[in-house]
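Just so it is clear, the structure is predicted and the values come from calculations on it, not from any experiment. Heavy-atom basis, side chains included; hydrogens, waters and symmetry copies ignored. Order of listing sets the numbers, starting from 1, for every ligand and every atom in it.
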Amino acid sequence: MIDLRSDTVTRPTPAMREAMAAAPVGDDQFAEDPAINQLQERVAGLLGKDAALWLPTGTMANQVALRVLTRPGDAVIISRGAHVMWHEMGGAGANAGVQLIEVGAGGRFTADDVAAARVAPGHIATPPTTLVAVENTHNRGGGIVFGAEEAARVCAAARDGAMATYLDGARLWNASAASGVSVRDLAAPFDLVSVALSKGLGAPGGSLLAGGRDVIARAVRYRRMSGGAMRQVGFFAAAGLHALDHHVDRLFDDHANASLIAERLSRSTAVSIDLATVQTNIVVFHLAAGAPDAATLISRAADRGVLAFAFGPRTVRVVTHMDVSREACAQAAEALAALAEGV
Ligand SMILES: *Cc1c(COP(=O)(O)O)cnc(C)c1O
């Protein structure tokens with residue numbers, strides 16, 4: 001099977017498994033796990049923040065971020081299609097009690113969008129907007145990069161309006177590889193940043209929140225409240241440290257493979273795809289009128305050994321990663337194009 005459903009499907013390499021088996025571990029709730037402590041320090045340093053906190057998932061990182069940076073009843077400005085709205089089971093409402101305001105298009109928005117959507121505290125009827133969240137790269141936007149300059153303007157507008165800023169950087173390493181801007185510079189304007197080890201970096205789990213000491217200290221409380229405070233998770237940290245050493249530079253390969261797939265699909269009249277959105281390891285495409293719908297295409301593709309993911313009735317996502325070769329991607333693109341054309 002050529003599994004392009006997500007970059008989360010990768011399995012630890014033999015070298016990563018060795019690093020995990022050799023991890024020094026301890027009880028992380030007492031801050032006594034050496035591998036976790038090392039990873040937290042390393043990621044804080046890479047992102048240019050005072051401190052970092054390991055969490056089991058990126059979803060929990062987002063949920064904890066909302067708890068730390070908002071109060072129940074507040075409004076939060078997010079990008080249209082953001083993970084925190086579409087892929088977290090309503091957690092923003094259920095856990096943090098906030099309402100989300102989608103702005104912009106295709107995963108991007110501007111400082112003007114922030115100014116237009118913001119409601120100041122003290123309005124007689126409308127909840128105050130207290131947080132602006134950016135997703136980089138943007139999953140439903142097709143893996144597009146949120147540019148560093150726009151992010152700086154958005155965060156400046158947020159600060160002007162006394163709003164906090166959060167970066168969902170589950171794929172921030174992809175954004176950095178594609179833009180040539182360091183993760184540190186991409187993270188710089190934000191109060192709080194999350195990164196994932198379980199996406200393109202190929203670790204079996206783990207995300208981190210990074211920010212100021214005070215914000216991270218508050219995140220510790222909500223991690224425990226969410227049931228995410230764990231014990232000997234240095235095994236995961238060792239996988240993460242290994243991934244930072246060995247799997248960052250190879251993200252360029254995933255991006256090249258995604259381009260290969262996108263270019264092949266764009267030559268099919270049964271597919272509509274905006275090549276400008278294909279900047280990293282995600283390809284989102286639409287099935288033209290007359291082509292099968294997404295569910296049909298995906299089940300037929302599975303019969304031919306290719307797994308993809310339906311993002312909508314006629315919208316399909318494929319994601320490249322370290323467990324699929326260039327040849328496998330070329331083969332998958334041929335199969336998807338042929339199936340879209342009803343061949
Ligand atoms: C995958 C993802 C998350 C959540 O990560 P999990 O570890 O799967 O919970 C959050 N934000 C974005 C943008 C993601 O792609």
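Listed by number with element, the atoms of ligand 1 under 4.0 angstrom from any heavy atom of His83 are 1 (C), 2 (C), 3 (C), 4 (C), 10 (C), 11 (N), 12 (C), 13 (C), 14 (C), 15 (O). Proximity to Thr57 (heavy-atom distance under 4.0 Å) selects the following atoms of ligand 1: 7 (O), 9 (O).
Screening Asn62, Thr57, Leu55 for a side-chain contact (heavy atoms from CB on, under 4.5 Å) with Thr59, the sole residue that qualifies is Thr57.
Only the side chain of Asn62 comes within contact range of ligand 1, with a heavy atom under 4.0 Å; no backbone atom does.
Among Asn136, Leu55, Asp168, Thr59, the residue whose heavy atom sits closest to atom 11 (N) of ligand 1 is Asp168. Of the candidates Arg171, Arg140, Lys199, the one placing a heavy atom closest to atom 1 (C) of ligand 1 is Lys199.
Not one N or O of Ala170 is nearer than 3.5 Å to an N or O of ligand 1, by distance alone.
Annotation: cation-pi geometry not satisfied between Arg5 and Phe309 (NZ/CZ under 6.0 angstrom from ring centroid, within 45° of ring axis).
Residues forming a salt bridge (charged side-chain N to carboxylate O under 4.0 Å, His left out) with Arg218 (at least two apart in sequence, or on another chain): Asp214.
Distance check, rounded to the nearest 0.5 Å: CZ of Arg326 to CG of Asn257 gives 5.5 Å.
Closest to atom 7 (O) of ligand 1 among all protein heavy atoms lies Gly58 N, 2.9 Å.
Arg171 and His138 are not linked by any side-chain donor-acceptor pair at a separation below 3.5 angstrom, with hydrogens and angles left out of the test.
The existence of a salt bridge linking Asp28 and Arg223 is confirmed by a sub-4.0 Å separation between a basic side-chain nitrogen and an acidic carboxylate oxygen.
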